[in-house]
Amino acid sequence: MPALYFGQSQSALLGVFSEAASNVRRDHGVVLCPPIGQEHVRSHWAMRQLSVALNKAGFDCLRFDWFGVGDSAGELHEATLARWAEDLIAAKDELRDASGVRDVSLVGLRFGATLAALGAQAVDAANVVLWDPVVFGNRFVRSLRLL
């Protein structure tokens, strides 16, 4: 599963595309939407394991880092909801280009789930899984500041 960069060249996003097992391949892919901040670091292993399980079930997957998060371009303080909405569309497009799947679902964790919910209509998501989404933004920001 080699890493790749996609999106706008001046602010590229890091992604990891993983293919479905050939004996159960579906015409359906999954974009995994990670959390941000310290939760991003702490959840990396779980997101990778989820990708492996989805691959075994026949789904191509794309894991990626949002703009300003992880190994993508930019700094977190430069990120906006509008930019992250664009990132989600770029991730969906990259998954479709890499795999040729027709349908795309989203699986988001914590703030990634919130972003998936906000962007589901824009990417025409077949399904959306919200894994412990951030519901109260002010509480979330307070907890990040405490860290």
Side-chain angles (χ1 to χ4, degrees), residues 1-76 78-137 139-140 143-144:
M1 291 185 269
L4 56 96
Y5 284 93
F6 66 95
Q8 303 170 12
S9 60
Q10 69 276 18
S11 58
L13 304 174
L14 175 80
V16 176
F17 171 72
S18 57
E19 290 187 74
S22 60
N23 60 333
V24 290
R25 180 174 281 284
R26 303 168 190 257
D27 191 18
H28 195 126
V30 179
V31 172
L32 299 179
C33 306
I36 63 169
Q38 196 57 237
E39 292 178 342
H40 178 266
V41 175
R42 292 179 179 174
S43 68
H44 185 267
W45 182 85
M47 296 298 276
R48 186 177 179 283
Q49 294 306 307
L50 176 58
S51 178
V52 168
L54 287 166
N55 292 156
K56 287 179 182 176
F59 297 95
D60 290 326
C61 292
L62 180 72
R63 293 181 286 130
F64 75 102
D65 293 346
W66 304 100
F67 176 81
V69 178
D71 290 317
S72 286
E75 298 295 326
L76 187 57
E78 299 172 313
T80 64
L81 288 177
R83 172 57 206 247
W84 285 336
E86 292 172 12
D87 292 353
L88 188 56
I89 293 168
K92 181 257 314 179
D93 291 343
E94 184 64 29
L95 175 61
R96 282 198 171 139
D97 290 346
S99 67
V101 296
R102 183 186 58 215
D103 295 320
V104 173
S105 290
L106 306 175
V107 175
L109 174 60
R110 298 289 294 140
F111 196 67
T114 304
L115 295 171
L118 292 172
Q121 188 173 8
V123 299
D124 192 27
N127 302 287
V128 182
V129 175
L130 307 178
W131 182 4
D132 195 20
V134 171
V135 179
F136 300 103
R139 285 186 200 167
F140 178 65
S143 71
L144 288 178

A.B. asks: Tell me whether Asp103 is salt-bridged to Arg26, with the criterion being a basic N under 4.0 Å from an acidic carboxylate O.
C.D. replies: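 Not counted as a salt bridge, because no side-chain N and carboxylate O are separated by less than 4.0 Å.
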A.B. asks: Which residues pass the ring pair (Phe, Tyr, Trp, His ring centres under 6.0 Å) test with His28, sequence neighbours left out?
C.D. replies: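 Checked His28 against ring pair (Phe, Tyr, Trp, His ring centres under 6.0 Å); matches are Phe59.
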A.B. asks: Nearest 0.5 Å, what's the CG-CZ distance between Leu32 and Arg63?
C.D. replies: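 Output value for this atom pair is 7.5 Å.
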A.B. asks: Do Ser72 side-chain atoms and Gly68 backbone N/O form a donor-acceptor pair below 3.5 Å?
C.D. replies: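 Absent.
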A.B. asks: Look at the side chain of Ser105 and the backbone N and O of Val128, then say whether any donor-acceptor pair between them is shorter than 3.5 Å.
C.D. replies: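 Pair absent, no side-chain N/O of Ser105 close to backbone of Val128.
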A.B. asks: Answer yes or no: is there a donor N or O on one side and an acceptor on the other, between the side chain of Arg96 and the main chain of Arg102, under 3.5 Å?
C.D. replies: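 At least one qualifying donor-acceptor pair exists.
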A.B. asks: Determine yes or no for a side-chain-to-main-chain donor-acceptor pair under 3.5 angstrom, with Asn55 supplying the side chain and Ser18 the backbone.
C.D. replies: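 Yes, because the side chain of Asn55 sits within donor-acceptor range (under 3.5 Å) of the backbone of Ser18.
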A.B. asks: Which heavy atom in Glu75 sits nearest to a heavy atom in Phe67, and how many Å separate them?
C.D. replies: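 Looking at all heavy atoms of both residues, the shortest contact is O-CE2, 4.3 Å.
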A.B. asks: Please name the pair of heavy atoms, one in Trp66 and one in Pro34, separated by the smallest distance, quoted to 0.1 Å.
C.D. replies: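 Scanning both residues completely, I find the closest heavy atoms to be NE1-O, 2.7 Å.
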A.B. asks: Does any N or O in the side chain of Asp71 come within less than 3.5 Å of the main-chain N or O of Leu14, such that one atom is a donor and the other an acceptor?
C.D. replies: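 Answer holds: no.
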A.B. asks: Is the backbone N or O of Ala113 less than 3.5 Å from a side-chain atom of Trp131, with the two atoms forming a donor-acceptor pair by type?
C.D. replies: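 Looks like no, no N/O pair under 3.5 Å.
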A.B. asks: Could you check if a side-chain atom of Val31 sits within less than 4.5 angstrom of a side-chain atom of Val104, using non-hydrogen atoms only?
C.D. replies: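 Yes, at least one pair of side-chain atoms sits under 4.5 Å.
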A.B. asks: Quick one: CD on Gln8 to CG on Leu13, what's the gap to the nearest 0.5 Å?
C.D. replies: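 So the gap between those two atoms works out to 8.0 Å.
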A.B. asks: If we check side chain to side chain contact (heavy atoms under 4.5 Å, CB included) with Leu109, which of these qualifies: Pro133, Cys33, Pro35?
C.D. replies: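 Of Pro133, Cys33, Pro35, side chain to side chain contact (heavy atoms under 4.5 Å, CB included) with Leu109 is met by Pro35 alone.
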A.B. asks: Please tell me whether Ser11 and Arg83 have a donor and an acceptor in their side chains that are separated by less than 3.5 angstrom.
C.D. replies: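 Per modelled atom types, Ser11 and Arg83 side chains form a pair under 3.5 Å.
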A.B. asks: Looking only at heavy atoms, which two atoms of Arg25 and Asp60 are closest? And how far apart?
C.D. replies: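 Arg25 and Asp60 have their closest heavy atoms at NH1-OD2, 2.7 Å.
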A.B. asks: Compare all side-chain heavy atoms of Phe64 with those of Tyr5 and state whether any distance is below 4.5 angstrom.
C.D. replies: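 A side-chain contact is absent here, since even the closest heavy-atom pair is not under 4.5 Å.
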A.B. asks: Please find the pair of heavy atoms, one from Phe17 and one from Leu4, that lie closest to each other, and give the distance.
C.D. replies: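 Phe17 and Leu4 have their closest heavy atoms at CB-CD2, 3.9 Å.
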A.B. asks: Between atom CG of Asp87 and atom CG of Leu115, what is the distance when rounded to the nearest 0.5 Å?
C.D. replies: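 If we round to the nearest 0.5 Å, Asp87:CG and Leu115:CG are 9.0 Å apart.
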A.B. asks: Between atom CH2 of Trp84 and atom OG1 of Thr114, what is the distance when rounded to the nearest 0.5 Å?
C.D. replies: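 The OG1 atom of Thr114 is 10.5 Å from CH2 of Trp84, to the nearest 0.5 Å.
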A.B. asks: What distance do Leu106 atom CG and Leu88 atom CG have between them, rounded to the nearest 0.5 Å?
C.D. replies: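 Here the interatomic distance stands at 5.5 Å.
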A.B. asks: Please tell me if the side chains of Asp93 and Phe6 come closer than 4.5 Å, counting only heavy atoms from C-beta onward.
C.D. replies: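 They are not in contact (no side-chain heavy atoms under 4.5 Å apart), so the answer is no.
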A.B. asks: More than 12 heavy atoms of other residues, nucleotides or ligands under 6.0 Å from CD of Gln121: yes or no?
C.D. replies: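 Atom CD in Gln121 is not packed in, count stays at 12 or less.
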A.B. asks: Do Arg110 and His40 pass the side chain to side chain contact (heavy atoms under 4.5 Å, CB included) test, and can you show the C-alpha distance, the side-chain angles, and the key distance before you say yes or no?
C.D. replies: CA-CA 9 Å; Arg110 298 289 294 140; His40 178 266; over 6 Å; no
A.B. asks: Closer than 3.5 angstrom, by distance alone: can the side chain of Ser51 be matched with the main-chain N or O of Cys61 as a donor-acceptor pair?
C.D. replies: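 It does not hold such a pair.
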